[in-house]
**Student:** 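One structure follows; several queries about it will come next.
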Amino acid sequence: MVAVLSSVLGFPRVGAQRELKKLIEGFWAGKVSEADLSQQAQALRVQHWKLQRDRGIDQIPSGDFSFYDLVLDTAYQFGAIPARYQSIPTGFDQYFAMGRGLQGSIRNVEGEEVQIDVPAMEMKKWFDTNYHYIVPELSTNQEFSLNSQPSIVAHFSEAKSLGIHTKPVLLGPVSFLLLSKGADHEAAGDFELLKLLPQLVPHYRTLLAKLAQAGATWIQVDEPYLGLDLTPTVEQAYQEAYASLTQDLPGALRLLLTTYFEQVDDRMALIAQLPVHGLHVDLIRHPEQLSGVLAKLPANWVLSLGLVNGRNVWKTDLDAALQLATQAVDQVGIDRVWMATSCSLLHCPFSLEFETKLDPEIKDWLAFSSEKLTEVSILRDAINQRYEGTETDTTNPADKAKVDAVLSANRASCQARRTSERVVNPAVKERLAKVDPSMLKRNAPFAERYPVQTEKQHLPLFPTTTIGSFPQTKEVRSARRKYKSGAWSEEQYNAFLRQETEKCVRLQESIGLDVLVHGEFERNDMVEYFGEKLRGYAFTQNGWVASYGTRCVKPPIVYGDVDRPQPMTVEWSVYAQTLTEKPIKGMLTGPVTCLQWSFVRDDQPRSVTAHQLALALRDEVSDLEKANITTIQIDEPAIREGLPLRRAKWEAYLDWAVSAFLLTSSSVQKGTQIHTHMCYSDFNDIFPAIQRMDADVITIENSRSDLKLLRAFEQHGYYNASGPGLYDIHSPRVPTAEEMGERLQALLQYLPYQLVWLNPDCGLKTRNWTEVESALRNLTETARVFRQKYANGNTN
Ligand SMILES: Nc1nc2c(c(=O)[nH]1)N[C@@H](CNc1ccc(C(=O)N[C@@H](CCC(=O)N[C@@H](CCC(=O)N[C@@H](CCC(=O)O)C(=O)O)C(=O)O)C(=O)O)cc1)CN2
Ligand SMILES: [Zn+2]
């Protein structure tokens with residue numbers, strides 16, 4: 001076959017209607033049997049393969065399915081099961097225990113009924129996305145073993161029996177190790193982990209042999225780390241790992257080294273030496289890398305072009321994509337080029353066809369995963385027709401008339417989006433142009449502000465607070481659904497929310513917290529909620545994407561210049577404040593997090609969108625202040641996630657990210673206390689930038705990585721007030737007051753006690769009321785003890 005092929009790097013496993021989520025959660029609740037779980041998951045895989053085939057994909061991925069996470073699956077498949085799970089019999093219980101912990105009674109490997117209480121493995125951001133993977137835990141003398149029936153081989157065979165020849169996707173051995181961590185804290189560090197390659201790679205070889213035996217040909221080997229900062233050690237690891245991996249490689253196998261999220265044109269000297277058969281590059285993030293890659297691509301390698309964005313929802317500009325494709329084909333020939341998605345489609349919603357309420361003008365600019373399949377295959381057909389002028393034996397090719405029709409419709413959509421008045425708001429542009437440095441600075445230094453705030457709000461030593469959300473129960477979600485479907489009127493819904501808010505305020509008062517929150521019951525999600533209220537934003541009905549495990553988010557879409565038609569949160573904060581004498585903390589999502597957790601414009605720099613968001617939020621801050629809400633939290637949990645993957649690009653990002661935060665927060669009086677909150681990341685890298693944000697108080701996740709955060713406090717110093725989380729809210733476990741006391745005592749070695757707040761490490765929305773009440777009572781008890789202890793400045 002002499003033709004360009006179409007290829008997809010991964011497909012959203014959750015399903016068109018989040019079928020997989022519902023299935024697995026049903027299994028956890030004991031409502032779905034193990035047999036049904038397996039069988040219905042298989043049905044979903046089959047459906048997804050068929051869809052891709054029907055839409056004209058030649059290289060359809062298999063092995064991109066997971067019940068929880070693909071990195072976890074890789075660890076599981078190679079027998080890297082930490083000791084604490086080994087008493088659980090092999091199977092779903094053990095696997096899910098690794099992903100989400102397990103508490104209760106089980107039959108152990110000896111068949112005895114035992115009580116078990118194991119926490120989950122750590123979860124981390126997948127590169128710069130809002131997807132979280134499970135971090136494998138490896139010991140220095142880790143032994144690996146290949147699962148006797150690797151699911152990736154089973155899935156390949158499953159598809160093959162339907163007549164679909166798939167391309168299995170493997171996480172490459174070097175990236176797998178670099179994503180892992182040392183099982184014991186001391187052993188952590190990349191270099192130690194890479195030393196495990198000689199133990200690990202032989203099992204990859206066995207796996208490849210099994211795949212070959214099952215009939216596989218092309219294997220997609222994901223090595224995203226190839227685009228990141230490489231040390232000589234890592235370079236050497238790549239050389240050794242791939243030399244070893246391809247020893248005795250079965251003749252039929254072809255390896256496609258797959259990179260994404262970063263450029264690799266400056267890595268071609270290394271890459272070209274690796275004994276593989278092809279390379280995939282992300283031309284969405286870095287279209288300019290194509291020339292450099294082509295210049296050094298080894299003869300006879302395949303080049304897979306990532307031309308259709310797996311991370312965003314805009315229609316591909318097919319003309320522009322074809323230009324890049326032509327450049328590649330002219331240089332290497334039609335038989336060695338693939339048209340592909342830039343990365344897995346995991347990060348994109350399933351299909352536009354369920355969006356019945358989207359404005360048709362905007363909908364015409366979009367392509368979700370299913371529509372992107374067609375884009376990939378049309379690109380393939382267009383190129384093949386240009387070079388051959390005849391049909392080829394690719395999967396479901398479109399004829400010339402169809403291709404021309406799609407191309408011209410695409411041209412019209414792209415043109416319409418470029419020139420639409422809906423996108424442009426001159427007033428926003430003008431206002432942004434007038435931002436000057438004085439707007440990025442509080443009117444007094446922290447040392448002068450903080451005592452004023454403490455007095456104004458009557459804050460005691462060791463003030464207590466929470467991060468914002470209280471339990472999002474079934475009742476809350478189903479009330480929202482009734483409202484959205486029209487079954488409930490706005491009054492009914494609001495009355496319900498007022499009742500929840502009041503209950504929440506009363507509870508906080510009775511527990512004795514110092515700074516209260518309204519509870520966020522009116523919010524479906526901390527970003528989507530703002531997306532629904534801002535101009536320039538669209539939101540979807542069914543645009544779900546995976547965030548972690550079975551949890552999904554529905555990112556709103558920034559299509560135009562952003563501004564705020566009216567206050568967004570003031571009413572709820574003010575209502576809560578009418579219920580209590582204690583200060584109510586206003587609750588906003590910061591500009592960088594709104595940017596990071598939305599699908600954003602690709603027609604202007606991210607920094608510009610962030611600053612537009614900042615101006616809108618700045619007005620909200622002012623309106624809260626005017627309404628006498630003088631403690632205001634601006635959440636920025638995603639600020640670390642947005643950090644570029646290469647260090648050389650960090651400073652530029654941090655400059656505009658911090659400036660967007662300051663633009664949001666700095667208009668207030670010195671007596672108004674600005675809080676910020678961060679979680680889900682390792683913050684050490686950006687500590688100086690956090691200081692530059694100059695929030696009066698930062699509440700920060702700490703409980704999963706105690707030591708690391710404390711080292712950062714020690715190393716860089718932090719001069720404003722802070723509340724490092726005293727317990728992990730992601731677990732149903734209720735911590736005792738003593739436990740929190742110990743943690744606090746440890747923190748006080750690094751932080752001046754006069755500036756320390758007591759709080760959980762994140763919002764409480766995923767917990768239930770019983771857990772929340774007990775944990776918070778213990779928290780205020782800890783505060784009582786420490787206030788006594790430190791009453792006279794006693795510090796021991
Ligand atoms: N955007 C974002 N990213 C984030 C976070 C975050 O809070 N937001 N937190 C961090 C961790 N990520 C998380 C991601 C998702 C969830 C989560 O709980 N997601 C929920 C959905 C939340 C939601 O948007 N709910 C909607 C819609 C709920 C829904 O599906 N309703 C059902 C019916 C529910 C019922 O009647 O009981 C339906 O419509 O079919 C609402 O409350 O309105 C889920 O997957 O289950 C939690 C943490 C990092 N990234
Ligand atoms: Zn948080």
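When a ligand or atom number is given, it counts from 1 through the structure's own listing order. Sequential numbering from 1 along the given sequence is applied to the chain's residues.
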**Student:** For atom 15 (C) of ligand 1, what is the nearest protein heavy atom, given as residue, atom name and distance?
**Tutor:**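 Scanning the protein heavy atoms, the shortest distance from atom 15 (C) of ligand 1 goes to C552 O, 3.4 Å.
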**Student:** Taking heavy atoms and a distance under 4.0 Å, where does S478 meet ligand 1: side chain, backbone, both or neither?
**Tutor:** both
**Student:** Identify, with sequence neighbours excluded, every residue that meets side-chain contact (heavy atoms from CB on, under 4.5 Å) alongside R767.
**Tutor:** P732, E771, V772
**Student:** Does this structure show an ion pair linking D128 with R311, if we count only N-O contacts that are shorter than 4.0 Å?
**Tutor:**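 Salt bridge between D128 and R311, a charged N being under 4.0 Å from a carboxylate O: yes.
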**Student:** Just to confirm my output: which protein heavy-atom neighbour is closest to atom 23 (C) of ligand 1, and how far is it?
**Tutor:**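 Checking every protein heavy atom, the shortest distance to atom 23 (C) of ligand 1 gives N524 O, 3.6 Å.
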**Student:** Which ligand 1 atoms are under 4.0 Å away from a heavy-atom of V553?
**Tutor:**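 Near V553, meaning under 4.0 Å from one of its heavy atoms, ligand 1 has 1 (N), 2 (C), 3 (N), 14 (C), 15 (C).
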**Student:** Which bit of K125 gets closer than 4.0 Å to ligand 1, counting heavy atoms only: side chain, backbone, both or neither?
**Tutor:** side chain
**Student:** State whether the side chain of E636 and the backbone N or O of V592 hold a donor-acceptor pair below 3.5 Å, judged by distance alone.
**Tutor:**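 Looks like yes, one N/O pair under 3.5 Å.
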**Student:** Hey, is K554 touching ligand 1 through its side chain, its backbone, both or neither, going by heavy atoms under 4.0 Å?
**Tutor:** neither
**Student:** Could you tell me whether R733 sits above the aromatic face of Y727, with NZ or CZ closer than 6.0 angstrom to the six-membered ring centre and within 45 degrees of the axis?
**Tutor:**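 The answer is no, since R733 fails at least one limit relative to Y727.
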**Student:** Does Y493 have its ring centroid less than 6.0 Å away from the ring centroid of Y483?
**Tutor:** yes
**Student:** Is the contact between R551 and ligand 1 made by the side chain, the backbone, both, or neither, using heavy atoms and a 4.0 Å cut-off?
**Tutor:** both
**Student:** Could you tell me the residue and atom name of the protein heavy atom closest to atom 48 (C) of ligand 1, and the distance to it rounded to 0.1 Å?
**Tutor:**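 Atom 48 (C) of ligand 1 sits closest to the protein heavy atom Y548 CE2, 3.6 Å.
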**Student:** Tell me: protein heavy atom nearest atom 12 (N) of ligand 1, and distance?
**Tutor:**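 Answer, as residue, atom name and distance: S547 OG, 3.2 Å.
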**Student:** Taking the six-membered ring of W544, is the NZ or CZ of K21 close enough (under 6.0 Å from the centre) and on axis enough (within 45°)?
**Tutor:** no
**Student:** How about Q492: does its CD atom have over 12 heavy atoms from other parts shown lying under 6.0 Å from it?
**Tutor:**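 Above 12, so yes.
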**Student:** Give a yes/no verdict on whether any heavy atom in K21 is under 4.0 Å from an atom of ligand 1.
**Tutor:** yes
**Student:** Quick one: which of Y131, Y548, Y133 gives a side-chain hydrogen bond (donor to acceptor under 3.5 Å, both in side chains) with D69?
**Tutor:**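 The passing option is Y131.
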**Student:** Considering heavy atoms of the protein only, find what lies nearest to atom 10 (C) of ligand 1 and give residue, atom and distance to 0.1 Å.
**Tutor:**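 For atom 10 (C) of ligand 1, the nearest protein heavy atom comes out as Y680 CE1, 3.5 Å.
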**Student:** Got the closest protein heavy atom to atom 36 (O) of ligand 1, with its distance?
**Tutor:** R481 NH2, 3.0 Å
**Student:** Taking NZ, NE, NH1 and NH2 as the nitrogens, is one of them in K765 or E520 under 4.0 Å from a carboxylate oxygen of the other?
**Tutor:** no
**Student:** With respect to atom 50 (N) of ligand 1, which of D525, N130, D635, V476 exhibits the smallest heavy-atom separation?
**Tutor:** N130
**Student:** Partners of F11 by ring pair (Phe, Tyr, Trp, His ring centres under 6.0 Å), sequence neighbours excluded?
**Tutor:**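 Per chain and number, F11 pairs via ring pair (Phe, Tyr, Trp, His ring centres under 6.0 Å) with H48, F350.
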**Student:** Classify the contact between W544 and ligand 1 as side chain, backbone, both or neither, using a heavy-atom distance cut-off of under 4.0 Å.
**Tutor:** side chain
**Student:** Not counting sequence neighbours, which residues clear ring pair (Phe, Tyr, Trp, His ring centres under 6.0 Å) with F539? List them please.
**Tutor:**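 Once residues adjacent in sequence are excluded, F539 has no partner under the ring pair (Phe, Tyr, Trp, His ring centres under 6.0 Å) criterion.
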**Student:** Indicate yes or no: does R640 engage D685 in a salt bridge with an N to O separation below 4.0 Å.
**Tutor:**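 So R640 pairs with D685 through a salt bridge.
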**Student:** Under a 4.0 Å N-O cut-off, is there an ion pair linking D561 with R601?
**Tutor:** yes
**Student:** Are any of the side-chain nitrogens in R100 or E25 under 4.0 Å away from the carboxylate oxygens of its partner?
**Tutor:** no
**Student:** Taking only non-hydrogen atoms of K765, do any sit less than 4.0 angstrom from ligand 1?
**Tutor:**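 Distance cut 4.0 Å: K765 passes for ligand 1.
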**Student:** Considering non-hydrogen atoms of the protein only, which is the closest contact for atom 9 (N) of ligand 1, and what is the distance?
**Tutor:** W597 CH2, 3.9 Å
**Student:** Quick test: of every protein heavy atom, which one is nearest to atom 43 (O) of ligand 1, and how far off is it to 0.1 Å?
**Tutor:** R480 NE, 2.7 Å
**Student:** What's the count of protein N, O or S atoms under 2.8 Å from the Zn ion (ligand 2)?
**Tutor:** 3
**Student:** Output yes when R498 and E502 qualify as a salt bridge under the 4.0 Å nitrogen-oxygen rule, no when they do not.
**Tutor:**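 Answer for the salt bridge query: no.
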**Student:** Between the candidates R477, R18, Q17, which shows the shortest non-hydrogen contact distance to atom 30 (O) of ligand 1?
**Tutor:** R18
